[in-house]
Amino acid sequence: MHIDIITVLPELLESPLNHSIMKRAKEKGLLHIHVHQLRDYAINKYGQVDDTQYGGGAGMVMMCEPLARCIEKLKDERTYDEIIYLTPDGVNFHQRIANMLSMKQNLLLICGHYKGIDQRIRDKYVTLEISIGDYVLSGGELAAAILVDSIGRLIPGVLNDETSALTDSHQDGLLAPPVYTRPANFEGMEVPEILLNGNFKLIEEWRHEQSVLRTQERRPDLME
Ligand code: 6GU
């Protein structure tokens with residue numbers, strides 16, 4: 001998979017996408033991420049990419065021309081399955097969307113700042129608008145990092161058995177069950193007996209039961 005990201009703050013995307021599973025995905029050649037500095041497409045030598053909004057009001061808006069030039073250049077190089085704008089007024093991100101996007105070849109992500117990007121760029125280019133939750137971030141970069149991480153780990157071959165996505169919370173619509181490792185007794189707190197006796201069928205049943213209990217208790221909304 002190839003992911004291009006347009007941003008004015010490439011530094012914000014560096015660390016999150018260069019460790020652990022994302023690092024492995026890149027090293028295996030399964031994920032290519034290219035971060036593009038929007039200021040390289042600025043309207044003047046001062047690197048201007050934003051301006052005050054028509055109609056008045058606080059906050060700057062990211063201008064059409066730099067974004068259009070950057071997007072057009074990238075579109076010349078590849079055909080995108082989705083051009084995604086990260087924005088608090090997008091659709092709520094969900095494991096379902098991560099699964100869907102993990103099957104695509106080329107994605108373009110646009111990170112907004114300030115009051116966001118000019119509506120005309122959204123109308124002309126953007127095919128999907130995603131929010132990562134009902135709260136406000138300073139910009140789309142951290143949201144983009146979350147999106148890429150959640151998608152990247154689902155690309156076939158990225159995870160091995162040990163890190164399998166199949167047993168993650170949300171993958172089957174339920175929260176994950178509790179997990180334990182050594183020691184069997186920690187300060188008097190015992191690991192549930194059933195996990196120690198090696199009966200895999202019973203263990204699977206117990207885990208499913210725990211998942212259902214946990215989901216009913218913490219996220220009853222997911223049970224409907
Ligand atoms: Cl995608 N961007 C910003 N700036 N804030 C958000 C968000 C995105 N999702 C939730 N809050």
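Ligands are counted one by one from 1 in listed order, and the atoms in each one are counted from 1 as well.
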Pairing residues for K201 by the side-chain hydrogen bond (donor to acceptor under 3.5 Å, both in side chains) criterion, not counting sequence neighbours: E205
Atoms of ligand 1, numbered as shown, that sit under 4.0 Å from any heavy atom of I130: 1 (Cl)
Working for salt bridge (Lys or Arg N to Asp or Glu O under 4.0 Å), residues D40 and K73: CA-CA 12 Å; D40 294 345; K73 180 180 171 243; over 6 Å; no
Worked verdict on Q171 versus N99 for side chain to side chain donor-acceptor pair (under 3.5 Å): CA-CA 9 Å; Q171 195 60 40; N99 287 341; 3.2 Å; yes
Would you mind checking which non-hydrogen protein atom is closest to [atom], with the distance to 0.1 Å?
atom: atom 4 (N) of ligand 1; value: L137 O, 3.2 Å
atom: atom 10 (C) of ligand 1; value: G133 O, 3.0 Å
atom: atom 11 (N) of ligand 1; value: Y135 O, 2.5 Å
atom: atom 1 (Cl) of ligand 1; value: T87 N, 3.1 Å
atom: atom 2 (N) of ligand 1; value: P88 CD, 3.6 Å

From CA spacing to verdict: side chain to side chain donor-acceptor pair (under 3.5 Å), H94, N92: CA-CA 6 Å; H94 188 281; N92 258 321; over 6 Å; no
Passing option when V148 is tested against L17, L107, L101 for side chain to side chain contact (heavy atoms under 4.5 Å, CB included):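 Exactly one pass, corresponding to L17.
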Under 3.5 Å donor-acceptor pairs involving side-chain atoms of residues 50-72, not counting sequence neighbours:
residue: Q53; atom: NE2; partner: A58; partner atom: O; Å: 3.1
residue: R69; atom: NH2; partner: Y41; partner atom: O; Å: 3.4
residue: E72; atom: OE2; partner: Y125; partner atom: OH; Å: 2.6

Heteroatom distance test (I132, ligand 1): nitrogen or oxygen, under 3.5 angstrom: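 Yes: some nitrogen or oxygen of I132 is under 3.5 Å from one in ligand 1.
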